[in-house]
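Residue indices begin at 1 and follow the sequence shown. As a basis for the values below, the full set of heavy atoms in this structure was taken, side chains included, without hydrogen atoms, waters or symmetry mates. These numbers come from a predicted model, not from an experiment.
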Amino acid sequence: MLTTHPFDDDHLHEECGIFGVSNSEGAAALVALGLHALQHRGQEAAGITTYDGAMFHTHRAMGHVAGNFDRDDIIRSLPGEVACGHVRYSTTGETALRNVQPLYAELSSGGFAVAHNGNLSNAMKLRRELVRRGSIFQSTSDTETIIHLVATSSYRTLLDRFIDALKQIEGAYALIVMTPEGMIACRDPLGIRPLVMGKLGEAIIFASESVALDVVGADFVREVEPGELVIVQGAEMRSVRPFAPLSPRPCIFEWVYFSRPDSIVDDQSIYSVRKNIGAQLAIEAPVEADLVIPVPDSGVPAAIGYAQESGIPFELGIIRSHYVGRTFIQPGDKVRHLGVKLKHNANRALIKDKRVVLIDDSIVRGTTSLKIVQMMRDAGAAEVHMRIASPPTRHSCFYGVDTPERAKLLAAKHDIGGMTEFIHADSLAFVSIDGLYKALGETHRADIRPKYCDACFTGDYPTSLTDHDDTTSVDQFALLAERVN
C-alpha cells in the first residue's frame with residue numbers, strides 16, 4: 001500500500017473521508033473523483049456503494065482510489081443516480097477488507113449503507129449489549145454498531161430508527177447514509193468531524209472537505225450544521241435537528257494538518273490559517289537564523305508565515321520525492337536509512353554552514369523530527385532550530401484520529417528540554433494554545449466552552465469516553481482475522 005505522506009509513521013492520521021451524491025447520472029464516477037480529492041484523509045482502503053432504484057451495488061478494495069476506481073469496468077459495475085464513497089485510515093478495527101466502508105446491510109426496510117468519518121467512544125459497550133441481545137457482527141469497525149442499533153430500534157419509520165440510534169452513540173461522527181428512500185447526511189451534535197454540502201446542476205453533494213466539491217465542479221452551498229440531519233430524496237431536500245443545541249467543538253487539527261490547504265472550513269481558508277499560525281509562531285518563538293525551511297509538505301504554509309513575519313528567507317532546504325510511498329521495510333539500519341533518503345533529501349548546497357529553522361505541523365513520537373534534524377546536520381547546517389505549528393500533543397484522540405497511546409507521545413513523556421534533547425535540535429518551540437486560537441481569529445482559548453476540540457493538546461475532552469474509562473471495553477471480540485494480500 002502506498003501513502004502520500006513521506007513520514008506517515010509519525011504523524012496524526014485522520015481516519016477517513018466521505019463523499020456522497022444524489023440525483024446525478026453516473027454518480028459513481030463523481031464519487032470516485034471526490035474520493036481522489038480526499039485521498040489524504042485515508043490511504044488504506046476505499047469503497048463506493050450505489051443505488052439504481054432497485055438494487056445496491058458495492059465495490060471495496062484495499063489501497064488507493066487510483067488503481068481501484070479509475071477503471072471503466074469498475075465504474076460500470078456501479079450504476080445508479082445515488083452513490084456514496086469512503087477512504088479509510090483505520091483507528092477502530094483492524095486493516096481488513098471487511099472493515100472497508102461503506103458498510104452495507106439488508107434491514108427490514110431494505111438496504112442500508114453507511115459511510116462514517118469519526119469514532120464512537122462507546123462502541124464497545126454498545127456492541128457487547130447488542131451481541132447479548134442476538135446481533136451478529138461481521139466487522140470489527142465501530143461503524144457497524146450504528147447499523148445494528150438501527151436494525152433493533154422499535155421505532156416505526158426508518159428516519160426515527162436512525163435518530164434513535166444516533167441518540168445512543170457517543171463521540172464524533174459525520175455520516176452519509178443510503179437507503180431506498182434516499183440519502184441522509186449528518187454530523188454529531190458538537191460538529192467534531194467536518195461535512196459540507198454542494199450542488200452540481202440538480203445533484204446534491206456531500207463531502208468531508210470543500211476541495212472535493214471544487215474537484216468535481218460543484219458549488220459550495222454550506223456546511224452541514226452540528227447535530228443536523230439533511231434528508232435528500234432525488235432533488236428534494238429537507239433538514240431536521242433532533243438534538244438539543246450545543247456549543248460546537250469542531251476538531252482544531254483540521255486547520256493544523258488534516259484538511260488540504262486549498263479547503264475552506266468554517267468560512268476560513270486552511271492555507272491562510274496555517275500561514276497565520278506560522279506568523280504567530282515567529283512572534284512567540286523568534287530565533288536568529290539564516291533560513292526558514294519547511295518539512296514537506298505539511299509544514300510549507302506555516303513556514304511561509306514564519307518567514308514573512310520574521311524576515312528570515314524561506315527556502316526549500318528539503319526536497320521530497322513524490323514517487324515513493326512507504327519506506328521499504330528491510331532488515332538492517334543501513335537499508336532503512338537509505339529508504340528514508342528516497343523520500344526526503346537535504347538541499348546540501350543551500351544548507352551548508354547555515355543556521356536553519358525547521359517548521360513542521362506537529363511532533364507525535366518524535367522519530368520524524370529526529371531524522372530531519374540529523375539530515376540537516378549531515379548536510380552541514382551550523383545550527384538546527386525546530387519550530388512546531390501546533391502545541392505539544394500530550395493526549396490521545398478518541399474521535400477518529402489515529403493517535404498512539406499516550407505513553408508513546410513524546411510530549412507526554414518529556415518537557416520541552418527533554419524533547420529538544422531527544423530530537424538533537426539546538427532549540428525547540430511550539431506555538432501556544434492561545435497563539436493557535438489567535439491564528440484562527442480568536443483572542444485566546446476560553447477556559448469554559450472553548451470554540452474547538454483541542455483535547456490532543458489540553459486533555460479537555462468534550463464528550464464522555466465510555467470505552468476508555470471502562471477497562472472491560474477494551475477487550476475485542478474473538479473474531480477471525482482477515483488476511484489481505
Side-chain angles (χ1 to χ4, degrees), residues 18-24 27 49 51 81-84 86 101-105 107-118 120 122 126 142-143 145-199 202-208 210 213 218-250 265-266 399-400 462-463:
I18 57 177
F19 192 93
V21 176
S22 178
N23 197 41
S24 174
T49 296
Y51 180 62
E81 295 187 351
V82 183
C84 69
H86 186 275
Q101 298 187 31
L103 296 185
Y104 176 81
L107 307 184
S108 60
S109 55
F112 186 94
V114 57
H116 172 204
N117 173 23
L120 308 183
N122 66 335
L126 290 170
D142 60 332
T143 308
T145 304
I146 298 170
I147 295 176
H148 288 277
L149 290 173
V150 174
T152 58
S153 174
S154 59
Y155 282 84
R156 186 178 63 83
T157 70
L158 179 60
L159 179 60
D160 286 339
R161 290 160 64 188
F162 182 55
I163 292 171
D164 180 38
L166 296 182
K167 288 185 174 180
Q168 297 178 63
I169 61 179
E170 299 170 359
Y173 56 84
L175 301 172
I176 297 176
V177 169
M178 288 169 49
T179 76
E181 298 177 17
M183 177 174 283
I184 305 173
C186 65
R187 290 172 75 191
D188 64 79
L190 292 174
I192 298 174
R193 299 260 67 86
L195 192 62
V196 299
M197 179 168 56
K199 289 204 73 177
E202 296 301 312
I204 296 171
I205 299 176
F206 300 98
S208 292
S210 65
L213 301 178
D219 293 323
F220 174 84
V221 174
R222 63 177 177 87
E223 294 188 4
V224 177
E225 295 178 7
E228 180 186 18
L229 279 71
V230 180
I231 300 114
V232 181
Q233 294 175 299
E236 300 297 317
M237 183 176 63
R238 62 190 177 97
S239 173
V240 298
R241 292 172 174 80
F243 302 100
L246 298 172
S247 298
R249 294 282 297 275
V265 178
D266 195 22
Y399 300 124
T463 74

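You'll find the side chain of Leu213 stays beyond 4.5 Å of the side chain of Asp219, heavy atoms only. The closest side-chain heavy-atom distance from Leu229 to Leu159 is below 4.5 Å. Between Arg161 and Ser108 there is a side-chain heavy-atom pair separated by less than 4.5 Å. In this structure, Thr157 and Tyr155 have side chains that are not in contact, with every pair of non-hydrogen atoms separated by 4.5 Å or more. Between Val114 and Val150 the shortest side-chain heavy-atom distance does not fall below 4.5 Å. Under the 4.5 Å side-chain criterion, counting only non-hydrogen atoms from C-beta, Leu120 is in contact with Tyr173. With a 4.5 Å cut-off on side-chain heavy atoms, Pro226 and Leu190 do not count as touching. Between Leu166 and Pro242 the shortest side-chain heavy-atom distance does not fall below 4.5 Å.
Considering Asp188, Val224, Val230, Asn117 as possible partners of Leu195, the one that fulfils the side-chain contact (heavy atoms from CB on, under 4.5 Å) test is Val224. Checking each of Gln233, Met237, Glu202 against Asn23 for a side-chain contact (heavy atoms from CB on, under 4.5 Å) leaves exactly one that passes, namely Glu202. For the pairing with Pro102, the side-chain contact (heavy atoms from CB on, under 4.5 Å) check across Ile18, Thr143, Thr49 returns one residue only, Thr49.
Atom-to-atom distance recorded for Asp164:CG and Thr152:OG1 is 8.0 Å, nearest 0.5 angstrom. Atom-to-atom distance recorded for Phe162:CZ and Leu175:CG is 5.0 Å, nearest 0.5 angstrom. Distance check, rounded to the nearest 0.5 Å: CZ of Arg241 to CD1 of Ile163 gives 12.5 Å.
Checking side-chain atoms of Arg193 against main-chain N and O of Tyr399 turns up a donor-acceptor pair under 3.5 Å. Asn122 contributes a side-chain N or O that, together with a main-chain N or O of Gln168, makes up a donor-acceptor pair within less than 3.5 Å.
Counting all heavy atoms, side chain and backbone alike, Phe220 lies closest to Ser210 at CD1-CB, 4.4 Å. Counting all heavy atoms, side chain and backbone alike, His116 lies closest to Ala172 at NE2-O, 3.4 Å. Pairing each heavy atom of Met183 with each of Ser22, the nearest pair is SD-CB, 4.4 Å. What you find for Arg187 and Gly191 is that their closest heavy atoms are NH2-O, 2.8 Å. The minimum heavy-atom distance linking Gly20 with Ile176 is given by the pair N-CD1, 3.4 Å. Across Met197 and Phe206, no two heavy atoms sit closer than the pair SD-CE2, 3.5 Å.
A donor-acceptor pair shorter than 3.5 Å cannot be found between the side chains of Glu170 and Thr463. In this model, no donor atom of one side chain and acceptor atom of the other lie less than 3.5 Å apart for Asp142 and Thr145.
No more than 12 heavy atoms of other residues, nucleotides or ligands shown are found within 6.0 angstrom of CZ on Arg238.
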Handout entry: Test log, rule side-chain contact (heavy atoms from CB on, under 4.5 Å), inputs Leu103 and Phe112
Key = CA-CA 8 Å; Leu103 296 185; Phe112 186 94; over 6 Å; no
Exercise for the section: Give the intermediate values and the outcome of side-chain contact (heavy atoms from CB on, under 4.5 Å) for residues Ile205 and Phe19. Expected result: CA-CA 7 Å; Ile205 299 176; Phe19 192 93; 3.4 Å; yes
